2 protein chains.
Amino acid sequence: MGGMNRRRITSKELAKLAGVSSATISRAFSPDSRIGSATRDRILAVAREHGYQPNAIARSLNNQRSRLVALVVNAIGNPCEAEEQQLLVHRLQARQLLPIILCCADHSDRLQLMRLASTYQVDHVVVFSDMVSMQDAVDIFHTTKPIIVSFEPLDNENVSSIRIDGSGAADEIIDKIVRDGKKRFAYLSGTNSSWIDKLRRKWFADALAKRGLSFEAQAFGDYSYDSGFKEAVLLLHRNKVDAIICGNDVMAIGARDAARRVIGKNTPDDIAIVGQDGIAMAAWDCNDLTTLSLDHVAFIDAVVELIERHDAEIEGPHSITLTCTARWGSTA
Amino acid sequence: MGGMNRRRITSKELAKLAGVSSATISRAFSPDSRIGSATRDRILAVAREHGYQPNAIARSLNNQRSRLVALVVNAIGNPCEAEEQQLLVHRLQARQLLPIILCCADHSDRLQLMRLASTYQVDHVVVFSDMVSMQDAVDIFHTTKPIIVSFEPLDNENVSSIRIDGSGAADEIIDKIVRDGKKRFAYLSGTNSSWIDKLRRKWFADALAKRGLSFEAQAFGDYSYDSGFKEAVLLLHRNKVDAIICGNDVMAIGARDAARRVIGKNTPDDIAIVGQDGIAMAAWDCNDLTTLSLDHVAFIDAVVELIERHDAEIEGPHSITLTCTARWGSTA
DNA sequence: TGCATTTGTGCACACGATTACACAAACGTT
DNA sequence: AACGTTTGTGTAATCGTGTGCACAAATGCA
């Protein structure tokens, strides 16, 4: 590969080395382009020898297409989203698209962060986070061409969305718990401001209402194990509930630990505990959680389909609805 | 903000609107630039009105500085790295640097992926993954200017590294286990090809050797809960060991579950189980793992320091050594 | 052979910003 | 008032590719 620390060479320099013009270099790297195959082979050989690769930044400027995708997420470590993030990143990489992560957790200024990403002319935006208002995202990205993929249904021509319906699975789960004789339900929210949290809560509230019941108590955590633990202790002490529906799986595990260790109640006999998301960890032997689960692969398939629609310049927003299923464990 | 679906405007168009030249537009957005403050204020007002922001792609081309950072990771969901990834992303965002994730898991072609990222002229590369040979990374990125931050010490002027020393903590942990009367040790590796796995194993092997002991058995997993569970079953059936040192915390949890549920042995009395990484989940009440732990904040501080050295054009590679500590739980 | 068509290559400009240089206006000094 | 310095702005080149256009060479067809 020649000397170690050499500057990356440009198409013009390579052109000189190969005895052609820089336009021909460009064509050699463009698969469907009028160019002699002998010339192309020679150029590619010289390019390899000198470690030349076209500069994607310059190409993006010219193309008006960056092949960058902004992923707006709450956090990276959080298992709730992590499995989906992982899947999506793989699918993007297979399409030669590079993901830029925008992480909304903590106190970073989310709007400024999105504005920064938008200056990089990302081709697509996928919003996983429920901490950012979809309207803000539209305002910031609407000048670039990306369509935004999001859970939140928003009536806007630039937003494609994925709707999630867990009402059926919630009904099944409530049915089982009620038949097991539980009567006093509590809901442990992830965040009180999030619309997705309200949606999830509504699935279960409706299922209860159908049976003449309702949530006797409601607590607010932050999707973390610690908050699940802490809030469950309070719920069990103060409200004496015998069933806790949690906003995600991690809090459910925290709640289960709290019930067992602090209060001395075990699932599913003394108390029923339900998670949401269906993360891999929920199925671990030590957890074995009953959870309202979303098919991660189907979800990411849907995201990719929306992205491809957009890439193919199919106009207008599109919406896909996915249905959750109940995954049974020993906690309810 | 005016019409909804308008194309993003350019500095030249904004210049016409504000009655100045495009050079002046650029200066208005460059904090330390010779420009009248009245002009700047007027331009910024017009810019806000029309939703103008400088195009980062064009700026990068001119600057030779993209403000993009490539993060080479094994996987996103994997808790081992996730906490560090999360911390690093925040620190980068605070510096107006955008992270591009390169995910090496599964069967994607890691080299091609790194080549793709290198065409985006990333300013820095941080290699978390132990699935990629550092020499490959250097070969691919050496033409761009980034210094690579990595665990693996490599004698190359373009690589800064962070060395991790867990020998002291491993010694403490082995000491405790041996004094508890355990005699038959097994090591459960993450991957058999990884140099970092060999390093970790050596810390414990040395501590054993100091006491005239050695590993009676060795198994190979893939850092996942399932592999920890499965390999532990085999180890306990075939080799009858009474202490398992695991390559990471997640496998340790799997091994603990296997011992308890399949074999009927409990920690720490029947068997000692040790993890590595010190992830938050290890401290959860239901896990309470004894683990060889790395201070994640200190680690990311070190990464950021190396990045800043590089940004400040301080020449040459640099190396920082961090020391691990033992974190005690009820599994050993 | 003569002419129409295809193939392969170079020239020159565009993409959207930054910046060295030039220069006019405003300012300070004696 | 004369002159040197600072300040603010415009002009034009540059970053590295992609591509429409022009044109020469090669090919096909009668």
Side-chain angles (χ1 to χ4, degrees), chain A residues 6-44 46-47 50-68 116 118-123 143-145, chain B residues 6-44 46-47 50-68 116 118-123 143-145:
Chain A
R6 203 179 30 206
R7 203 184 86 268
R8 169 159 294 216
I9 75 174
T10 73
S11 75
K12 204 172 292 183
E13 296 172 293
L14 188 68
K16 203 155 288 174
L17 291 170
V20 293
S21 80
S22 77
T24 305
I25 300 292
S26 172
R27 286 189 262 258
F29 282 88
S30 178
D32 40 0
S33 201
R34 293 205 330 202
I35 183 178
S37 57
T39 320
R40 161 172 286 147
D41 292 345
R42 182 164 47 92
I43 288 178
L44 291 183
V46 181
H50 293 269
Y52 170 82
Q53 297 227 172
N55 180 323
I57 296 289
R59 168 187 290 163
S60 302
L61 179 58
N62 185 297
N63 276 352
Q64 311 279 60
R65 224 156 155 288
S66 65
R67 304 198 71 81
L68 295 173
L116 177 60
S118 85
T119 65
Y120 280 79
Q121 321 293 322
V122 293
D123 288 343
T143 46
T144 79
K145 59 173 191 270
Chain B
R6 203 177 31 204
R7 205 185 84 268
R8 168 159 295 216
I9 75 173
T10 72
S11 75
K12 203 172 294 182
E13 296 172 294
L14 189 68
K16 202 155 290 174
L17 290 170
V20 293
S21 80
S22 78
T24 306
I25 300 291
S26 172
R27 285 189 265 255
F29 282 87
S30 177
D32 41 0
S33 201
R34 291 205 329 202
I35 185 180
S37 57
T39 319
R40 161 172 285 146
D41 292 345
R42 182 163 47 94
I43 289 178
L44 291 184
V46 182
H50 293 268
Y52 170 83
Q53 296 227 171
N55 181 323
I57 296 288
R59 168 187 291 162
S60 301
L61 178 59
N62 182 293
N63 275 353
Q64 310 280 59
R65 228 158 153 286
S66 65
R67 305 198 70 81
L68 295 173
L116 177 60
S118 86
T119 66
Y120 280 79
Q121 320 294 322
V122 293
D123 288 343
T143 47
T144 78
K145 58 174 192 267

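Chain naming here is simple, since letters A, B, ... match the order of the sequence lines and numbering starts at 1 in each. In this text, all values refer to a predicted model and were calculated from it rather than measured experimentally.
- Look at CD1 on A:Ile57: it is 11 Å from C1' on D:dG16, rounded to the nearest Å.
- Atom-to-atom, CG of B:Leu61 to P of C:dA14 comes out at 16 Å; the value is rounded to the nearest Å.
- No N or O donor and acceptor, one from the side chain of A:Arg65 and one from the base of D:dG18, sit under 3.5 Å apart.
- For D:dG8, its base never sits under 3.5 Å from the side chain of B:Arg40 at any donor and acceptor pair.
- The CZ-P distance, from A:Arg59 to C:dG16, rounds to 18 Å in whole Å.
- A straight line from CG of A:Leu14 to C1' of D:dT17 spans 13 Å, rounded to a whole angstrom.
- B:Glu13 contributes no side-chain N or O that, together with a main-chain N or O of B:Ser11, makes up a donor-acceptor pair within less than 3.5 Å.
- The B:Ala23 side chain lies nearest to D:dT11 when the options are D:dT11, D:dT14, C:dC15.
- Across all strands shown, B:Ile35 has heavy atoms under 4.0 Å from sugar-phosphate atoms exclusively, and none from any base.
- A donor-acceptor contact under 3.5 angstrom links the side-chain atoms of B:Arg34 to the base of D:dG8.
- Of the listed nucleotides (D:dG10, D:dT17, C:dG16), D:dG10 has the atom at the smallest distance from the side chain of B:Arg27.
- At C:dA17, none of the side-chain N or O atoms of B:Ser26 fall inside 4.0 Å of OP1 or OP2 (strictly under the cut-off).
- Residue contacts shown for A:Thr39 are limited to sugar-phosphate atoms, with no base heavy atom under 4.0 Å away.
- We find the CD-CZ distance between A:Gln64 and B:Arg8 to be 11.5 Å, quoted to the nearest 0.5 Å.
- Atom OG1 of A:Thr39 and atom CG of A:Leu44 lie 10.5 Å apart (nearest 0.5 Å).
- Side-chain nitrogen and oxygen atoms of A:Tyr52 include at least one within less than 4.0 Å of the OP1 or OP2 phosphate oxygen of D:dT17.
- Residues B:Ser21 and B:Ala58 both approach DNA chain D. Their nearest nucleotides, taken by heavy-atom distance, put B:Ser21 toward the 5′ side.
- Between the P atom of D:dA13 and the NZ atom of A:Lys12 lies a distance of 13 Å, rounded to the nearest Å.
- Neither OP1 nor OP2 of D:dG18 sits under 4.0 Å from any side-chain N or O of A:Gln64.
- Interface remark: the A:Asn55 side chain does not form any donor-acceptor pair with the D:dT17 base, using a distance-only criterion of under 3.5 Å.
- Here the side chain of A:Arg40 pairs a donor or acceptor atom with the backbone of A:Ser30 at under 3.5 angstrom.
- One interatomic measurement links the two molecules: CD of B:Gln121 to C1' of D:dG16, which rounds to 9 Å at whole-angstrom precision.
- Distance, B:Asn63 CG to D:dC15 P: 13 Å, rounded to whole Å.
- Atom CD1 of B:Ile25 is separated from atom P of D:dG10 by 9 Å (rounded to the nearest Å).
- Considering CZ of B:Arg42 and OG1 of B:Thr24, their distance stands at 9.0 Å, rounded to 0.5 Å.
- Both B:Thr24 and A:Ser22 lie near DNA chain D, and the one whose nearest nucleotide falls closer to the 5' end is B:Thr24.
- To the nearest 0.5 Å, the span separating CD1 on B:Ile25 from CD1 on B:Ile43 amounts to 4.0 Å.
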